[in-house]
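These notes concern the structure reproduced below.
All values derive from a computational prediction rather than experimental measurement. All values below come from the heavy atoms of this structure, side chains included, with hydrogens, waters and symmetry mates left out.
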Amino acid sequence: MPRPILTADRMRAAEQAAIEGGTSVETLMDRAGTALAEAVHRLAGTGDTLILCGPGNNGGDGYVAGRKLVERGHRVRVAALAPPASAACVAAASRWDGETVTFEQASPSPILVDCLFGTGLTHGLEATVSERLSDLAKSASSAIACDLPSGVGSDDGRCLSPVPAFDMTVTFGALKPAHRLMPALPSMGRVVLADIGIDASSTWFEIGRPEVPALAAAAHKYSRGYVAVLAGEMSGAASLAASAAARSGAGYVRVIGDGLFQGLPASVVVGGKLGLLADDGRIGSVLIGPGVGRGAGAKALLQAALDCGKPLVLDADALNELGANPTGMSDAILTPHAGEFARLFPGLDGTKPEMTLQAARNSGAIVVSKGPDTLVASPDGRLGFAPPAPSWLASAGTGDVLAGIISALRARGMDAFDAACAGVWIHGRAAELAGPLMIADDLISELPAVLA
Ligand SMILES: NC(=O)C1=CN([C@@H]2O[C@H](COP(=O)(O)OP(=O)(O)OC[C@H]3O[C@@H](n4cnc5c(N)ncnc54)[C@H](OP(=O)(O)O)[C@@H]3O)[C@@H](O)[C@H]2O)[C@@H](O)CC1
Ligand SMILES: [K+]
């Protein structure tokens, strides 16, 4: 099951529903603190532990975790930034009878647990507080954040004050958008999700390993997925996309264009008239964008794609050619990077999740908003958050490869949203296997291993 993602408001609503269903907030906090302690102990082993506690329920989780870690043999000190303020935090703190120091007295410890603020953060930490948090996190061997690193905006991933890097973040019920959004993402470390008995079902989720449909025993090359790639001025980009489509299990890949397509597998067919797009009922998806250029030729290719009535994947130059605020794009997948997104959907505001969903609703298309925090949005409200991808994916041609993978999965019969999510996951995994010095071509070589 993919891990659900909830905004702070929706998390509070889920918490409230659990409370109305008979589970007290103290019980939820007890489960959260116990899960936090368990994760800290497993990550860091037994050792001297400093827990920074804030005044709200994030701090309350810390007092519970302190008690549980003492039971596990840790020497625990709690440093309270402010007296407990929420009722549940007051109750949890009243059961803490271990060593307590002021925040100013907090000294470095091998294990640091940050329970200052979670989803209730309303503004950045005071400079002296964020500086001390950073110093303590840097000098710890293991730094763990409770729910969110303190200073991170739960819904938008903004760092409202400087946020140090943590080795692990333990969250409860559901992930929060910030766990998978920039700029907060690199501070999270491994994100562990603890079940505390809340119904956190959501149409927002972290994209997990996809289930790519198995090939039917009676499959033939066309039924396995026929991808048509429209090529323009820069043949290399089309070659990358077509090769990626072929290596992603498409049964037949055709490149329609006039260039010299170097590096294409011999099995990829080159040539054919544009009229094929509408006439050939076997075509499962049409990809346009990689290397298509920006001239009159590109305009004609785009028009042919838009008119052909086949599932579309639009990338790169095709997105620029499409113009601002496209509408009525049902059965299309748009894969803009941040610059292309801003040109395609000017005037949207809100968090990246909100803007990506709005773009999908306005256009009618599946929108893959690419970046170090790629999101996939459907007009029906589904929103997939990519798991962290290696930074070395940011190099020329990797977007062409992604578009090729998605086109193949779409042609193989996957639903457009599922194909886009699966493509994003497969692409990130291929990058992990290809390693830091990879170039886009290397991603294609890794696809069989990822898809096997
Ligand atoms: N959802 C669930 O199911 C469960 C959630 N649980 C836990 O609860 C956490 C959310 O708790 P929460 O709502 O009490 O908010 P929390 O993050 O502790 O902070 C609120 C306090 O901080 C203050 N404050 C804010 N920013 C500040 C700043 N920059 N500098 C100084 N003060 C600042 C703010 O004051 P205010 O600004 O409102 O005056 C208020 O006093 C959640 O992250 C999870 O760990 C679990 O216990 C179990 C189940
Ligand atoms: K925290």
Practice task
Kindly indicate, with the supporting measurements, whether the criterion side chain to side chain contact (heavy atoms under 4.5 Å, CB included) is fulfilled by Lys352 and Ser369.
Solution key: CA-CA 9 Å; Lys352 180 168 177 175; Ser369 185; 3.4 Å; yes
If you round to the nearest 0.5 Å, how far is [atom2] of [Y] from [atom1] of [X]?
X: Leu357; Y: Leu375; atom1: CG; atom2: CG; result: 8.5 Å
X: Phe385; Y: Phe205; atom1: CZ; atom2: CZ; result: 9.5 Å
X: Leu277; Y: Ile283; atom1: CG; atom2: CD1; result: 5.0 Å
X: Leu443; Y: Ser243; atom1: CG; atom2: OG; result: 12.0 Å

Sub-4.5 Å side-chain heavy-atom contact between [X] and [Y]:
X: Val286; Y: Val313; value: no
X: Cys146; Y: Val170; value: no
X: Cys421; Y: Phe417; value: yes

Side chains of [X] and [Y]: do they bring a donor and an acceptor to under 3.5 Å?
X: Asp9; Y: Thr7; answer: no
X: Tyr226; Y: Arg254; answer: yes
X: His337; Y: Glu340; answer: yes

More than 12 heavy atoms of other residues, nucleotides or ligands under 6.0 Å from [atom1] of [X]: yes or no?
X: Asn325; atom1: CG; value: yes
X: Arg158; atom1: CZ; value: no
X: Arg12; atom1: CZ; value: yes
X: Arg190; atom1: CZ; value: no
X: Asp279; atom1: CG; value: yes
X: Arg247; atom1: CZ; value: no

Handout entry: Polar side-chain atom of Asp167 near backbone of Ala143 as donor-acceptor pair, under 3.5 Å
Key = yes
Exercise for the section: Identify the two heavy atoms, one from Leu314 and one from Ala318, that lie closest to each other, and give their separation to 0.1 Å. Expected result: CG-CB, 4.4 Å
Exercise for the section: Over all heavy atoms of both residues, which pair between Ala250 and Val227 is shortest? Give the atoms and the distance, please. Expected result: CB-CG2, 3.9 Å
Is the shortest distance from a Lys or Arg side-chain nitrogen in [X] or [Y] to a carboxylate oxygen in the other one below 4.0 Å?
X: Glu206; Y: Arg180; value: yes
X: Asp331; Y: Arg410; value: yes
X: Asp155; Y: Lys176; value: no
X: Asp315; Y: Lys370; value: yes
X: Arg429; Y: Glu432; value: yes

Practice task
Measure from NZ or CZ of Arg282 to the centre of the six-membered ring of Tyr222 and say whether it is under 6.0 Å with the direction within 45° of the ring axis.
Solution key: yes
Exercise for the section: In sequence, state the C-alpha distance, the side-chain angles, and the governing distance for Glu38 and Arg42, and then conclude on side chain to side chain contact (heavy atoms under 4.5 Å, CB included). Expected result: CA-CA 6 Å; Glu38 171 82 20; Arg42 283 193 190 201; 2.7 Å; yes
Exercise for the section: Mind running side chain to side chain contact (heavy atoms under 4.5 Å, CB included) on Met329 and Ile366 for me, showing each step along the way? Expected result: CA-CA 9 Å; Met329 308 260 337; Ile366 304 300; over 6 Å; no
